[in-house]
Amino acid sequence: MKVLKFGGTSVGSVENMNAVMNLITDGKKKLVVLSAMSGTTNALVEISDYLHKKNKDVARAQIGKLELQYKEVVSNLFKEEARKKEGLQIIKKCFETIRQEASGAFDQTNEQAILAQGELMSTGLFTQLMLENGYNTKLLPALDFMRIDAEKSADLHAITVNIEKVMKEVGDADYYITQGFICRNDKDEIDNLQRGGSDYTASLIGAALYAEEIQIWTDIDGFHNNDPRYVSNTKKIEQLSFNETAELAYFGAKILHPQTVLPAKLHNIPVRLKNTMNPSDPGTLITSETSGSGIKAVAAKDGITAIKVRSDRMLMAYGFLKSIFEIFEFFKTPIDMISTSEVAVSLTIDNTSKLKDILKELKEYGEVLVDEEQTIICIVGDIIGEERGFASKVFNALEGIPIRMISYGGSRHNISVLVPTAFKQKTLQAISDNLLEN
Ligand code: ASP
Ligand code: MG
């Protein structure tokens, strides 16, 4: 069985929902993961923000506006009166929940319950559409099998056990529909896999079911070798390895939720990125294999802060880096890049919520310097070992760009450079012109 995920744009209108139905109904059994209709999760986040700020009136107005939009969708989506009624019932229940969650004191748990309604509505309506058109379809409630643990990490074991049970309970079908993004946490509350998490849902389910393939359907034709928003003449990549994809997805290629490849890699399940607007295009195939040598792609991640700690105490000492890293661990702040000299270490973070506390602790160890508004440029491919003189090629290509840090040799798949964000476009263009095949 294949697992297919369709994003918000793919189910973002009545027309697009019908297109997805036509696309998936080829008589082959499959499981389909859907996002909320495009704009819905953002709207629900906005409503929650107003509720956090105790601005109930505006929140109420926004809820009303969203509900009208959904009523409109229902009236255009179905032909039969009975289906329309069914559709309105789905909407009604979700908006009752939203109003209920919004009514009292408002906390994170209420917000999570509100955010879940987007996927509950899209999948509820889509299932009815499939049924109206005579397809043997069953809705699998993701809240009955998708789990995260106390650390907010997906619990693949629990998901595997639970989904089997739920599939047995709902009975056989040609098409299974389920919600992306939403799950339950260790306290059994409604929670989610973070924004964009529907991709991750699809790959977790794919791994749990040992699917034949996981397909992520969006509105672009796959991974490109450079960021089309900043560089012209980018090229689609036909094939990537899991490792290359993980680097690209984490370092800024917005097309895929960064954790998506992990479950697929674990069970060696191919992932294919496909374009809803151009279904015959094979898209990008992601497998355990690395094809070709040299540079394949580049991605950029903004919002990076570089921190340098300089200390003479580091000279010929041991345990110094450990003490530095422990500070970041204590404040649960991940480090992305590191470079060291004998008396200094530079590292980067993207989550600055604990920066003040971290800096206070770091100052105990030496002189601390902070550079904000930096961008990690991540160059991916089968790089090290294949090509000699590769580093010099990269340095030559980036002539004139003030590189703040460089990381080479950490893995054979990637070289990362840190540049001021003001130089991002120039750097991407230079890489495109000098290092990529276009
Ligand atoms: N609806 C969620 C979001 O907008 C999850 C997803 O689309 O992947 O973030
Ligand atoms: Mg997405």
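No hydrogens, no waters, no symmetry mates; every other heavy atom, side chains included, goes into these values. We count ligands from 1, going down the list as the structure has it; atoms in each ligand are counted the same way.
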* Should Gly180 be listed as contacting ligand 1, given a heavy-atom distance under 4.0 Å as the test? -> no

The complete set of side-chain hydrogen bond (donor to acceptor under 3.5 Å, both in side chains) pairs with one or both residues in residues 170-184, sequence neighbours excluded, reads Lys29-Asp172, Thr123-Gln179

Task: His267 and Tyr210 aromatic ring geometry - parallel, tilted or perpendicular at 30°/60° bounds - done: parallel

In ligand 1, the atoms that come under 4.0 Å of a heavy atom of Arg195 are 3 (C), 4 (O), 9 (O)

In ligand 1, the atoms that come under 4.0 Å of a heavy atom of Ser198 are 5 (C), 6 (C), 7 (O), 8 (O)

Counting from 1 in the order shown, the ligand 1 atoms closer than 4.0 Å to a non-hydrogen atom of Ser35 are 6 (C), 7 (O), 8 (O)

Note to self: Using a plain distance cutoff, I'd like to know if Phe181 has any nitrogen or oxygen under 3.5 Å from a nitrogen or oxygen of ligand 1.
What the structure shows: no

Margin query: Taking atom NZ as the centre, does Lys265 end up with more than 12 heavy-atom neighbours from other residues, nucleotides or ligands that are less than 6.0 angstrom away?
Written below: no

### Message
How about CD on Gln100, more than 12 heavy atoms from neighbouring residues, nucleotides or ligands closer than 6.0 Å, or not?
### Response
no

Can Lys426 be said to sit on top of Phe423's aromatic six-ring, NZ or CZ under 6.0 Å from centre and within 45° of the ring axis? no

Could you establish whether Gly197 and ligand 1 come within less than 4.0 Å of each other, counting only heavy atoms on the residue side? yes

Counting from 1 in the order shown, the ligand 1 atoms closer than 4.0 Å to a non-hydrogen atom of Thr41 are 1 (N), 2 (C), 3 (C), 4 (O)

Across all chains, not counting sequence neighbours, the salt bridge (charged side-chain N to carboxylate O under 4.0 Å, His left out) partners of Asp281 are Lys236

Quick look: Glu119 vs ligand 1, heavy-atom contacts under 4.0 Å, and the answer is side chain

